K.L.:
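The structure follows.
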Amino acid sequence: MNRNWMILFMLLLFLIEGAWLPFFIPDEWKVRIIPQFVFIIVLYHAVYKHRHTALLMGLGFGLLQDIVYYGQMLGPHTFSMGFLGYFIGLLFTTRNTSMVTMMVIAVMGSFAYQSIVFGIYALFSVQHLTFKYALMEYMLPSLMIQLLFALIVYVPMRKWFDSSPVSNTAEEEEV
Amino acid sequence: MVCVRHVPLTLTIIIEPGTILQYDEKVLTLFKLLGNKRLFILMAGLILFIAIMGFTLGTRGNVSWPEKFVHDTVTFVQQMFYKPAAAISGFVDDVSNLKKTYEENERLKIALAHYTRDKGFYNAVADKNKRLMEDLKFTERQKQSNLPYDYRIAQVTSINVADPFNQTLNIDLGEKDGIKQGLPVIAVEGVVGMISRVYEFSSTVQLLTNLDDSSRSIAATVLGQEKSFGMIESYDHSTGTFVMTRIAEGDPLKEGDTIVSSGLGGVFPKGLILGTVIKREVGDFGLTYTASIKPAATYQDWRELFVVVPQGTAAGNEQGTP
């Protein structure tokens with residue numbers, strides 16, 4: 001039941017991202033701020049829940065992002081969200097990560113996410129920007145917004161995860 | 001894995017014996033972290049995803065029904081969120097623009113006077129043109145290429161803000177409304193993009209700001225001087241302008257000219273406003289000229305867009321994404 005509510009919340013976040021955020025971002029920053037809020041929630045799942053949950057959520061919502069805004073190709077978001085959700089879940093297995101660490105994870109995770117997407121588009125020669133330009137142009141400003149969102153949802157997310165019991169599977173012990 | 005371990009072994013004999021332990025530990029921690037099974041799954045996933053991306057890249061026939069279902073459902077719900085937000089934002093804009101209404105009214109009155117004056121002349125020319133086409137025995141296809149276009153009004157349902165290289169937005173017209181892949185989409189000011197994917201009740205518009213060297217370029221010309229020719233090839237992110245290339249040396253194109261699509265490339269019909277020339281300079285090899293074009297569309301405040309559909313048979317040219 002708890003998980004269903006979470007999925008509904010993320011779905012709502014995804015819908016709002018496409019429908020409301022364009023009005024909130026000032027026109028001059030349209031190309032500079034790339035909010036990826038659903039990914040932050042995936043990172044929270046990776047750190048405070050379980051990496052498999054994060055993998056599934058990442059794959060699911062990445063695929064949703066890919067299908068709904070299908071311009072060039074399917075897959076970049078599915079791959080990077082799923083992979084990073086799993087990988088960060090693998091690195092941080094303790095369930096009581098502090099707030100500062102979580103913020104660092106949010107920023108580094110978002111940076112990795114943007115870099116992977118950048119790399120995939122460069123690989124398929126969809127874009128030809130230099131990484132340095134992309135970094136200064138939109139990655140750094142976006143990371144600020146990502147950090148801000150991660151801070152805003154920190155307390156509600158911790159409460160949410162504390163209220164729901166974490167199931168330690170056998171595989172968890174193995175790591 | 002075996003090979004990887006053997007290489008440093010031979011190397012360390014030459015350098016010093018301590019390094020072998022370090023290297024081995026590094027390799028071991030990597031494998032411990034990922035595990036053999038996991039690494040295998042990761043590699044398989046990587047290959048699978050690269051295959052998926054490769055298959056779905058660029059032109060594709062029809063999208064599959066699960067995609068249609070998901071896209072139609074999601075954009076339908078998003079529209080319910082988008083509409084009130086757009087209404088509120090529009091109201092705020094209108095209030096702040098209230099002062100300019102008087103000036104705008106003046107300007108529109110002058111424009112209207114121009115139109116009424118030109119209308120009589122236009123009708124005569126259009127009649128003559130039609131008669132000449134009959135006399136010269138134009139085929140149906142040739143006639144159709146000269147017909148004006150139908151504009152289908154479309155509401156924006158959502159905008160992609162989460163991906164800088166895939167700037168798309170969704171509109172509420174789809175296959176059922178006769179929308180085809182590759183049709184141009186315009187705002188009041190000028191061309192915005194083209195339809196990249198068509199679903200049952202909705203479609204995705206790829207913005208022209210995604211235009212890159214590798215994509216299909218648009219044949220363009222100067223408004224009023226149709227012998228001018230150039231190709232709009234890419235969008236320069238750092239300056240926010242289109243790059244128009246292959247302009248001949250004796251071309252009349254100059255700063256301040258309005259650039260419209262010429263219809264020669266087959267991607268875009270002719271006469272759609274693309275932007276204004278802000279700079280003309282010698283191109284890469286010194287043989288042709290290059291111009292910077294400031295886009296006519298503002299790429300902000302998305303409300304209504306128009307899909308340009310050829311008149312008569314609603315058959316769009318089966319072109320791919322830009």
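For clarity, every value in this text was computed on a predicted model and none was experimentally measured.
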K.L.:
Is it the backbone or the side chain of B:Q167 that comes under 4.5 Å from a heavy atom of chain A, or both, or neither?
P.N.:
side chain

K.L.:
What part of A:F37 gets closer than 4.5 Å to chain B, counting heavy atoms only: side chain, backbone, both or neither?
P.N.:
neither

K.L.:
Check each atom of A:T78 against the heavy atoms of chain B and say whether the ones under 4.5 Å are side chain, backbone, both or neither.
P.N.:
both

K.L.:
Which answer fits A:F79, side chain, backbone, both or neither, if we ask what part of it has an atom under 4.5 Å from a heavy atom of chain B?
P.N.:
both

K.L.:
Under 4.5 Å from any heavy atom of chain A, what part of B:Y199 do you find: side chain, backbone, both or neither?
P.N.:
side chain

K.L.:
Answer with side chain, backbone, both or neither: which region of B:N160 has an atom nearer than 4.5 Å to a non-hydrogen atom of chain A?
P.N.:
both

K.L.:
With only heavy atoms counted, which part of A:Q65 is less than 4.5 Å from chain B, the side chain, the backbone, both or neither?
P.N.:
side chain

K.L.:
Which atoms of A:L63 are under 4.5 Å from chain B, going by heavy atoms: the side chain, the backbone, both sets, or neither?
P.N.:
neither

K.L.:
Looking at B:D177, is its backbone amide N or carbonyl O close enough to the side chain of B:R152 to form a donor-acceptor pair, meaning the two atoms are under 3.5 Å apart?
P.N.:
yes

K.L.:
At a heavy-atom separation under 4.5 Å, does A:F39 approach chain B through its side chain, its backbone, both, or neither?
P.N.:
neither

K.L.:
Under a 4.0 Å threshold between the charged nitrogen and the carboxylate oxygen, would B:R246 count as salt-bridged to B:E233?
P.N.:
yes

K.L.:
Name the region of A:L64, side chain, backbone, both or neither, that has any atom closer than 4.5 Å to a heavy atom of chain B.
P.N.:
side chain

K.L.:
Using the salt bridge (Lys or Arg N to Asp or Glu O under 4.0 Å) rule, pick out the option among B:K68, B:R197, B:K180 that qualifies with B:E175.
P.N.:
B:K68

K.L.:
Please rank B:N166, B:T209, B:T168 by heavy-atom pairs under 4.5 Å with chain A and give me the top one.
P.N.:
B:N166

K.L.:
When rounded to the nearest 0.5 angstrom, what distance separates CD1 in A:I34 from CG in A:L143?
P.N.:
11.0 Å

